[in-house]
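A quick write-up on the structure given underneath.
The first residue in the sequence is number 1, and the count goes up from there.
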Amino acid sequence: MMNYQAILATPFAMLGIRCDERAVSGIGFLPLSTAPQQPCNALAAAACQQLHAYLCDPDAVFNVPLDLHGTAHQQKVWRALLEIPRGETRQYGELAAELRSAAQAVGQACGANPIPIIIPCHRVVSKTGLGGFMRHADGVPLDIKRWLLDHEQR
């Protein structure tokens, strides 16, 4: 198992939080059978608190610092995801047109998003349905995407 600085229980998965004292660098979806882990530093505690607040209220604001590593295109897509309001979605093709990219490239950048939920890649859907999530087209990942989108409709 990867080294996490905290593991937070949610209704849909355990969230493994990776960070140092300066920034959050990753969130991983772990099986519900994974044991929770108390935060080992102040930033991990802040990330847990903000994720918990989001689970209680989809309008909660995330303001933990993020440490993102990706290609220039991935970072452009991730910045665009942060602009999609809660309760709204964008189609891969729509986002691609805004960014002068291709829908498949946007989908690949969404799949490579290291900090899901905080960077809301779940808000990007296909024109025929949910699309993928976490580089999967079915199963538990789509159940998580569906849960997040339903939660944000409140």
Query raised in the report: Once you round to the nearest 0.5 Å, how far does OG1 of Thr34 lie from CG of Leu8?
Result: 12.0 Å
Query raised in the report: Given side chains that start at C-beta, do those of Arg146 and Leu130 come closer than 4.5 Å, heavy atoms only?
Result: yes
Query raised in the report: Can you find a pair of side-chain heavy atoms, one from Val140 and one from Leu142, that are under 4.5 Å apart?
Result: no
Query raised in the report: From Leu95 CG over to Cys121 SG, what is the distance, rounded to the nearest 0.5 angstrom?
Result: 11.5 Å
Query - Pairwise side-chain contact, Ile115 with Asp67, heavy-atom cut-off 4.5 Å (strictly under) - result: no
Query raised in the report: If you look at every heavy atom in Gly16 and Ile7, which pair is closest and at what distance?
Result: CA-CG1, 4.3 Å
Query raised in the report: Do you see a donor-acceptor pair shorter than 3.5 Å between the side chains of Tyr54 and Glu152?
Result: yes
What side-chain donor-acceptor pairs closer than 3.5 Å can you find for residues 75-84, not counting sequence neighbours?
residue	atom	partner	partner atom	Å
Gln75	NE2	Leu68	O	3.4
Gln75	NE2	Gly70	O	3.4
Lys76	NZ	Leu99	O	3.2
Trp78	NE1	Ala109	O	2.9

**Report entry** His73: side chain to side chain donor-acceptor pair (under 3.5 Å) partners, not counting sequence neighbours
**Finding:** Ser101
Query raised in the report: Minimum heavy-atom separation for Phe29 to Ala13, with atom names?
Result: CD2-CB, 4.1 Å
Query raised in the report: How many angstroms lie between CD in Gln153 and CG in Leu148, if you round to the nearest 0.5 Å?
Result: 12.0 Å
**Report entry** Heavy-atom neighbours of Asp138 CG exceed 12 at 6.0 Å
**Finding:** no
Requested in this report: Write down the atom of His122, the atom of Phe133, and the distance for their closest heavy-atom approach.
Outcome: CB-CE1, 3.7 Å
Query raised in the report: Please walk me through it: do Arg90 and Glu88 pass salt bridge (Lys or Arg N to Asp or Glu O under 4.0 Å)?
Result: CA-CA 7 Å; Arg90 298 286 183 278; Glu88 294 184 20; 3.2 Å; yes
**Report entry** Residues in side chain to side chain donor-acceptor pair (under 3.5 Å) contact with Ser126, at least two apart in sequence or another chain
**Finding:** Thr128
Requested in this report: Could I get the full list of side chain to side chain donor-acceptor pair (under 3.5 Å) partners for Arg22, not counting sequence neighbours?
Outcome: Asp20
Requested in this report: Quick one: list whatever passes side chain to side chain donor-acceptor pair (under 3.5 Å) with Asp57, sequence neighbours left out.
Outcome: none
Report task. Provide the closest heavy-atom pair for Ala6 versus Cys48 in the form atom of the first, atom of the second, distance. Result -> CB-SG, 3.6 Å
Throw together a table of side-chain donor-acceptor distances under 3.5 angstrom for residues 35-46, partners on residues two or more places apart or in other chains.
residue	atom	partner	partner atom	Å
Gln37	NE2	Tyr4	O	2.7
Asn41	OD1	Leu43	N	3.1
Asn41	OD1	Ala44	N	2.7

**Report entry** Verify same cluster id: Met14, Trp147 (apolar side-chain graph, 4.5 Å)
**Finding:** no
Query raised in the report: Are side-chain heavy atoms of Asp143 and Phe12 found at a separation under 4.5 Å?
Result: no
Query raised in the report: Are Ile27 and Leu30 co-members of a hydrophobic cluster defined by side-chain heavy atoms under 4.5 Å apart?
Result: no
Query - Gln91 side chain to Val124 backbone, donor-acceptor under 3.5 Å - result: no
Query raised in the report: Are Leu15 and Ile119 linked, directly or through other ILVMFWY residues, by side chains that come within less than 4.5 angstrom of each other?
Result: yes
**Report entry** Polar side chain donor-acceptor pair, His69 to Gln74, under 3.5 angstrom
**Finding:** no
Report summary line: Scanning both residues in full, the closest heavy-atom pair of Ala96 with Ala103 reads CB-N, 3.5 Å
Requested in this report: Would you sort out whether Phe62 and Val24 count as a side-chain contact (heavy atoms from CB on, under 4.5 Å), showing the intermediate values?
Outcome: CA-CA 11 Å; Phe62 293 106; Val24 174; over 6 Å; no
Query - N/O donor-acceptor pair under 3.5 Å between Lys145 side chain and Gly132 backbone - result: yes
